[in-house]
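Everything on this sheet refers to the single structure shown next.
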2 protein chains.
Amino acid sequence: MVIVERLINELSKLPGIGRKSAMRLAFHLLNQSLDDLTDLSKAIIEVPMNIKECDICHNFMDKKDNVCSICSDNKRNKEKVVVISTVQDLMAIEEVGHYRGQYHVLHGLISPLKGIGIDDIRLDSLVERVKGESEIKEIIFALTPNTDGETTSIYLKNSIQKVNNNIKITQIAKGVPIGSEIEYVDKMTLMKAIENRT
Amino acid sequence: MVIVERLINELSKLPGIGRKSAMRLAFHLLNQSLDDLTDLSKAIIEVPMNIKECDICHNFMDKKDNVCSICSDNKRNKEKVVVISTVQDLMAIEEVGHYRGQYHVLHGLISPLKGIGIDDIRLDSLVERVKGESEIKEIIFALTPNTDGETTSIYLKNSIQKVNNNIKITQIAKGVPIGSEIEYVDKMTLMKAIENRT
């Protein structure tokens with residue numbers, strides 16, 4: 001059994017995969033073709049090793065390219081930049097498929113509690129990006145609505161306005177999620193939703 | 001983004017891993033060291049490729065060994081054989097750590113509905129194993145308590161008794177799981193539990 005245990009142990013190191021799930025995954029893999037196993041195995045090693053951050057927006061991109069697929073897409077609107085804290089957030093917005101502008105990934109939020117300061121995330125490069133820039137008309141903050149998100153928004157807003165006063169700065173609406181039961185919405189969200197009624 | 005998508009797509013092929021979970025796993029992997037990625041990647045390809053069934057009990061074992069770790073363990077009781085349908089079931093019993101006898105893995109159950117016949121699973125090899133055998137005193141069926149499990153038990157019981165009449169054949173107790181609320185136990189289990197009261 002030692003040999004299957006090796007696979008189960010490796011799989012149970014993954015986040016959210018307990019021992020039972022790791023066993024199920026391992027026995028699933030035992031029944032896969034060599035081709036399928038190779039595809040998965042290679043993706044796990046090759047993808048993380050072949051990724052870098054885009055110099056412009058800090059999205060992940062293939063090491064062998066010069067600019068990421070979004071920044072290099074000429075069909076996309078260059079006037080709007082959505083600021084998000086992670087690449088996952090970028091992907092979530094992209095999956096909606098509605099927004100066709102640019103992005104800027106901070107790779108974190110300012111967090112005194114977690115010891116994340118101004119220089120630890122990609123704040124300066126956004127300020128540099130908008131300095132003397134005439135093409136960008138609007139910066140849209142889509143940051144987690146908590147203290148860290150607020151701190152980061154305030155810092156960025158001030159820094160951007162210092163270098164470029166022609167850019168409109170907005171943030172995504174806070175309110176009650178579509179389809180949610182009002183009675184189960186937390187108090188803070190409900191308060192904000194009433195305050196920001198349209 | 002195409003490069004991360006490759007990893008997300010591979011991960012979302014795994015059972016029980018939806019797109020959201022695959023994204024979470026992928027971004028977790030992006031932050032792992034090359035060593036950790038190599039361990040996982042190699043286990044995925046090497047474990048399934050280096051496994052075979054034990055000639056005696058059909059448990060999975062390392063290709064380079066002759067007999068599985070359970071069959072070759074001289075400290076284990078040779079008088080009892082637990083019959084299970086999958087290696088997962090074997091592992092579940094091993095994890096309890098209480099049973100110290102032998103096993104026989106059928107790799108399935110007779111199932112006319114699923115088109116699984118007598119020759120598709122490891123039934124004959126169990127019958128062969130007990131034929132003229134004096135060391136084995138008891139065969140314990142630990143098969144899923146459903147029609148397929150019952151069919152398989154009946155077939156095996158008859159076949160074993162034809163070749164060796166000295167072996168005691170038992171099956172694991174069916175009843176109410178420990179800690180379960182009686183009111184939520186299904187009718188069939190409750191009926192069996194009352195019938196088989198001790």
Side-chain angles (χ1 to χ4, degrees), chain A residues 1-17 19-21 23-34 36-52 54 59-65 68-70 86-92 94-95 103, chain B residues 1-17 19-21 23-34 36-52 54 59-65 68-70 86-92 94-95 103:
Chain A
M1 196 57 355
V2 181
I3 185 164
V4 187
E5 279 295 343
R6 181 182 150 201
L7 182 54
I8 295 172
N9 284 341
E10 285 302 328
L11 292 168
S12 50
K13 288 180 192 165
L14 295 171
I17 308 283
R19 188 167 163 83
K20 283 272 171 198
S21 308
M23 276 176 70
R24 203 185 59 234
L25 291 177
F27 283 95
H28 167 84
L29 291 171
L30 295 184
N31 289 313
Q32 299 309 298
S33 70
L34 180 56
D36 286 344
L37 293 171
T38 308
D39 287 348
L40 173 60
S41 171
K42 285 178 85 172
I44 285 171
I45 197 95
E46 288 176 4
V47 171
M49 290 301 118
N50 286 296
I51 259 177
K52 66 170 185 183
C54 171
N59 182 10
F60 287 135
M61 56 176 280
D62 202 317
K63 255 184 188 166
K64 66 181 192 323
D65 295 335
C68 85
S69 56
I70 294 175
T86 66
V87 176
Q88 286 101 306
D89 293 347
L90 182 156
M91 290 179 78
E94 279 298 285
E95 281 187 21
Y103 290 99
Chain B
M1 196 56 356
V2 181
I3 186 165
V4 188
E5 280 294 345
R6 182 184 149 201
L7 182 54
I8 295 171
N9 283 341
E10 286 300 329
L11 292 167
S12 50
K13 287 179 193 165
L14 295 171
I17 308 283
R19 191 170 160 81
K20 284 272 172 195
S21 307
M23 276 176 70
R24 203 185 60 233
L25 291 177
F27 283 96
H28 167 83
L29 291 172
L30 295 184
N31 288 314
Q32 299 309 296
S33 70
L34 180 55
D36 286 344
L37 293 171
T38 308
D39 287 347
L40 174 61
S41 171
K42 284 178 85 173
I44 286 170
I45 198 93
E46 287 176 4
V47 171
M49 289 302 119
N50 286 296
I51 260 178
K52 66 169 183 184
C54 172
N59 182 10
F60 288 135
M61 55 175 281
D62 202 317
K63 254 185 190 168
K64 66 181 189 328
D65 295 333
C68 84
S69 54
I70 294 175
T86 66
V87 176
Q88 285 102 306
D89 292 348
L90 181 157
M91 291 181 76
E94 280 298 286
E95 281 187 20
Y103 290 98

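Numbered from 1 within each chain, the chains take letters A, B, ... in sequence-line order.
With rounding to the nearest 0.5 angstrom, the CD1 atom of Ile45(B) is 10.0 Å from the CG atom of Asp36(A). Separating the CD1 atom in Ile44(B) from the CG atom in Leu37(A) is a distance of 8.0 Å, to the nearest 0.5 Å. In this structure, CG in Leu14(B) is found 11.5 Å from OG in Ser21(A), a value given to the nearest 0.5 Å.
By the 4.5 Å heavy-atom criterion applied to side chains, Arg6(A) and Glu46(B) are counted as neighbours. Counting only heavy atoms from C-beta outward, the side chains of Val87(A) and Phe27(B) approach each other to under 4.5 Å. Annotation: side chain of Ile3(A) is in contact with side chain of Asn50(B) (closest heavy-atom distance under 4.5 Å). With a 4.5 Å cut-off on side-chain heavy atoms, His28(B) and Lys13(A) do not count as touching. Counting heavy atoms from C-beta outward, Val47(B) and Glu10(A) have side chains that stay 4.5 Å or more apart.
Top candidate by heavy-atom pairs under 4.5 Å with chain A, chosen from Thr38(B), Leu34(B), Ile17(B), is Leu34(B). In terms of non-hydrogen atom pairs under 4.5 Å with chain B, the most contact-rich of Gln32(A), Glu95(A), Gln88(A) is Gln88(A). Ranking Leu40(A), Leu25(A), Ile8(A) against chain B, the residue ahead of the rest is Leu40(A), based on heavy-atom pairs under 4.5 Å.
Lys42(B) is linked by a salt bridge (charged side-chain N to carboxylate O under 4.0 Å, His left out) to nothing, counting only residues two or more places apart in sequence or in another chain. For Lys63(A), there are no salt bridge (charged side-chain N to carboxylate O under 4.0 Å, His left out) partners, not counting sequence neighbours.
Residue Lys20(A) places its NZ atom among 12 or fewer non-hydrogen atoms of other residues, nucleotides or ligands, all under 6.0 Å distant.
Proximity to chain A is absent for every atom of Glu94(B), based on heavy atoms less than 4.5 angstrom apart.
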